[in-house]
Undergrad: 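Before we start, here is the structure in question, set down as structure tokens.
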Amino acid sequence: MLDHLKEAFLEETRELLGQLEESLLELESDSSDEGLISKTFRILHTIKGSAGMFDYDEISRFTHDIENVFDLIRNGKIKADNHIITLTLRARDQIEKLLNNDGSSCSEETSEIVESFRKILLGFNEAGLPEKVKTCIVSEAVEESRTEDYLIKFKPSEGILKNGTNPLLLINELRDLGECYPCMLTNQIPPLETLEPEKCYLSWNIFLRTSRGIDSVKDVFIFVEDECELKVEVIEETGTPVGLNDCSREILDILSENSPNITRELKKLLSEKAKLPKTEKAALPANLKTEKCSDTGNAKSIKVGSEKLDYLVNLVGELVTVQARLSQISAQKNDPELILISEEVERLTCELRDNALNIRMVPIRSTFNRFKRLVRDLSQELGKKIDLFTEGEDTELDKNVIDKLNDPLVHLIRNSIDHGIEASDTRIACGKNETGSVTLSAGYAGSSVIIRITDDGAGLNREAIRKKAVEKGIITKESSLSDKELYNLIFAPGFSTAEKVSSISGRGVGMDVVKKTIESLRGNIEITSESGKGTTITLKLPLTLAIIEGLLVKISDEYFIIPLSAVEECIEMHRSEIQNENGMHLVKVRGELVPFIPLRERFNITGQSMEIEQVVITSNDGNKSSANSSKIGFVVDSVIGEHQTVIKSLGKFYKDADGFSGATILGDGTLALILDIPTLIKREEEMEKKLFQNR
Amino acid sequence: MIEELRQYLTFKLGEEVFALDVNQVREILDYIKITKVPQTPEYMCGVINLRGSVVPVIDMRLKFGLKKTEATVNTCIVVVEVNIESERTVLGALVDSVQEVFELEPGEIEAPPKIGTHLKTEFIKGMGKREEKFIIILDIDKIFSANELEILGSNAEINN
């Protein structure tokens, strides 16, 4: 099979599985919503159909049984209760597994789930309609046995074969519905020299006698409806059905003529055969149910491989660099014409950059939706009642950020549910609502995105954390810590709540890994908690990873970039002001003492420091410094200004060079290193600790 | 080991001439300003802007246990492609001067001697014979993957 088609199928099916999960969970809260039920059914049907087409027979067969159950639900014969939904969710996971296993290997779980579904069907068939056919557990057995004749005009679009759809399979599916007389029309086939073998020139007129109703007929075409012209017409509500065997020739003759009046002719034929020689009046259109499937609906969106987008963003990055150079040169030359062009280019580049970055933005909705399932499963497993609320699902983030965000969020939510939310009886005893709530919210704040996970559980236990931290030697018994510092201890490596290991928190991802992941995305994480009221974890993430706003600074002849998101303010510092007597690096900012790091010294840049230096004050909320302020200053020679920073990796060779998150190319072609503020601060702390110990 | 006719680029470190496979050389640049990345080992000179990409530069003299390179008019950056941990990486090698490109038949290349080259044999692809002189052909994939202390043999007295 063509690999890229298969790839598309896999991707599409995964998407469908996501939708399936979503609608199932919604269905759980409102089991009577017909729209949802038919949506679920439609998804199942599509999965079944396309799986069959790509030789994933296992999935196709498996889904068939589930589909049958949902057909019953759709017809209001049974109710979508909790049992069915749980079972379907399990089935969904199983389909996912089968997909990943290339569709083979029928595990025990598969057969067990199928068995459960069959039981539902059997149970229904026996209880509900005892007189009906027992041999067939298929849902259609419950339909009325009244037969109808249909004329189906099916004209696939020329490109249908490229999508891997085989029209013959559809016709075979029709055959399963009842007596079927397909007639292929070949008049559209062009002469050999202009014939393109990849195109489909055929169309069909099909006569079908079935008892399944018009919906079943349309269901057959459900996933090609955008790619064909389809007309389904009822020919007659036959009161006295005639045997079709003796007139099949005539039917096919009529079908192959493809005249505009096939319906009428067929009707005439059938009427004659039924020995009802009533002459036809032109009253036909009245009982002619015509349904034309739309073949319009142009694609509103296209799928593009993410590596193509990465390439685009890279190119735009280069362009931004070149444009900066152009601006610089045009400013030097002072030629009005050149300046005009340069400004035009600047405007366009800016727009192009924003647009290119925007393309990579995806709403966080799909990530949030995945957690609905997680919360549901966890709450069942732990026997806690939990509602998940989500806010701001439309908030958009760079796809790369979202992909990396999944695991940390899973961990944080698990933690909230496992350790945060109390058991129901405890909650009632505390006078809280029996059902716990976890709220996931996302929103913009400047050039960052804030994601909050809030639970209304017990809150963090300060004493337990302190005890644990002392035990692990992270802090000493005497050290006094603010609440914030104390909470931040749970991100320290090795600080695991191992005594509480359950199936849920035993995923091998510690909070320190969560913190590291968030920091690698140049974000930070913060906890606030109130005993008995709940805990809020706040993640602050940059909108994009490729281009940031930076502050360009200079030390001697070297340029550096400080991410603007970390910068609070810049102040001047005279050498006389430095309270450096005892090796203290502190500067007074409006009465507040702020520690600073002399970068010239740290980076071993030769030359004397200037009489007046600049201190760039950064605020780092996530850091657990020993001082009560989270502000840290960085001393540089001069501050040049804001700079659109295109981040370039320093590469494998410099992977050990922590303290720098990359480099960027300035307008004149020189390189500036981008400072990794949290790491620099951390290293400073470690250095001071060592000094302290040596004393 | 080496089967067909191949071209080699020779360069000088101090008075010694080394060679490397031309297939691994991308281009040769004149010495330009190198941006040092603070708090990294001295042999890692820093990074340069190579037409929009950031390329790290290594001081080959320091890598081979010689004194730090002093930039002269002959100083060059040889941009090479190497495999580090099976990943293709572009690197700049700072050398004293670049000499020439010459061809060698496989037969003209001998296995590295066990002793006498200051370098451990695993970093040498072979000894090329060139006008009655032997030139060390380097295995730069291995050289750049290794820690600089590992390269010098135990009998290294090339230092100063």
Side-chain angles (χ1 to χ4, degrees), chain A residues 314-325 554-561 597-606 634 636 645-676 679-680 683-684 686-687, chain B residues 24 26-27 29-60 62-63 68 70-71 77-94 140-151:
Chain A
N314 260 343
L315 283 178
V316 170
E318 312 254 307
L319 188 64
V320 169
T321 313
V322 174
Q323 179 266 317
R325 201 161 161 189
K554 198 174 175 188
I555 306 169
S556 194
D557 286 332
E558 308 278 335
Y559 291 95
F560 296 94
I561 297 274
I597 301 171
L599 285 182
R600 180 186 281 272
E601 234 173 82
R602 286 296 166 274
F603 290 171
N604 291 324
I605 297 170
T606 49
F634 288 86
V636 299
T645 310
V646 181
I647 300 173
K648 307 250 175 195
S649 151
L650 287 178
K652 215 179 164 68
F653 221 77
Y654 278 102
K655 62 180 190 295
D656 297 329
D658 52 351
F660 302 97
S661 48
T664 191
I665 296 164
L666 300 179
D668 60 357
T670 52
L671 287 167
L673 296 168
I674 302 163
L675 302 185
D676 179 355
T679 319
L680 283 173
R683 209 161 52 186
E684 191 75 11
E686 278 162 14
M687 216 171 74
Chain B
Q24 284 188 287
R26 264 206 179 180
E27 61 189 295
L29 304 173
D30 281 333
Y31 181 78
I32 50 171
K33 187 179 175 280
I34 301 171
T35 308
K36 174 79 187 163
V37 179
Q39 294 159 322
T40 48
E42 207 187 355
Y43 75 92
M44 292 160 82
C45 299
V47 286
I48 54 166
N49 167 15
L50 183 66
R51 289 186 302 278
S53 33
V54 175
V55 173
V57 178
I58 310 305
D59 189 331
M60 293 302 277
L62 286 174
K63 192 94 181 162
K68 191 174 186 303
E70 297 298 331
I77 299 170
V78 182
V79 180
V80 293
E81 260 175 41
V82 293
N83 274 309
I84 296 179
E85 288 155 37
S86 71
E87 203 177 295
R88 221 198 57 184
T89 312
V90 176
L91 283 178
L94 192 63
I140 53 171
D141 284 353
K142 281 192 183 136
I143 286 174
F144 286 118
S145 308
N147 188 316
E148 78 271 28
L149 295 173
E150 296 167 23
I151 296 173

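A, B, ... follow the sequence lines: proteins, then strands. Residue 1 opens every chain.
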Undergrad: Below 4.5 Å from any heavy atom of chain A, which atoms of B:Ile34 appear? Answer side chain, backbone, both or neither.
TA: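 Nothing of B:Ile34, per the 4.5 Å heavy-atom cut-off to chain A.
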Undergrad: Using non-hydrogen atoms and a 4.5 Å limit, figure out which bit of B:Ile32 sits close to chain A: side chain, backbone, both or neither.
TA: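 For B:Ile32, there is no contact with chain A at all, as no heavy atom is under 4.5 Å.
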Undergrad: Grab the two heavy atoms, one from A:Tyr654 and one from B:Val57, that are nearest each other, plus how far apart they are.
TA: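 Shortest heavy-atom contact: OH-O, 4.4 Å.
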Undergrad: Under 4.5 Å heavy-atom distance to chain B, tell me which part of A:Leu671 shows up: side chain, backbone, both or neither.
TA: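 Both backbone and side chain of A:Leu671 come within 4.5 Å of chain B.
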Undergrad: For B:Lys68, look at atom NZ and say whether over 12 heavy atoms of other residues, nucleotides or ligands are found less than 6.0 Å away.
TA: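 Counting other residues, nucleotides and ligands, NZ of B:Lys68 stays at 12 neighbours or fewer.
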Undergrad: Would you check, one step at a time, whether the test side chain to side chain contact (heavy atoms under 4.5 Å, CB included) holds for B:Thr35 with A:Thr670?
TA: CA-CA 8 Å; B:Thr35 308; A:Thr670 52; 5.6 Å; no
Undergrad: Quick check for you: among B:Val90, B:Thr40, B:Val37, which has the greatest number of heavy-atom pairs under 4.5 Å with chain A?
TA: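 Between B:Val90, B:Thr40, B:Val37, the count favours B:Val37.
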Undergrad: Side chain, backbone, both or neither: which part of A:Arg683 has an atom under 4.5 Å from a heavy atom of chain B?
TA: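 Answer is side chain: those atoms of A:Arg683 sit under 4.5 Å from chain B.
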Undergrad: Compare every heavy atom of B:Val47 with every heavy atom of A:Leu673, then report the nearest pair and how far apart it is.
TA: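 Closest pair (atom of A:Leu673, atom of B:Val47, distance): CD2-CG2, 4.4 Å.
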Undergrad: To the nearest 0.5 Å, what is the distance between CG on A:Leu680 and CD on B:Gln39?
TA: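 CD of B:Gln39 is found 7.0 Å from CG of A:Leu680.
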Undergrad: More than 12 heavy atoms of other residues, nucleotides or ligands under 6.0 Å from CZ of A:Arg325: yes or no?
TA: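 No - once you tally the heavy atoms of other residues, nucleotides and ligands closer than 6.0 Å, there are 12 at most.
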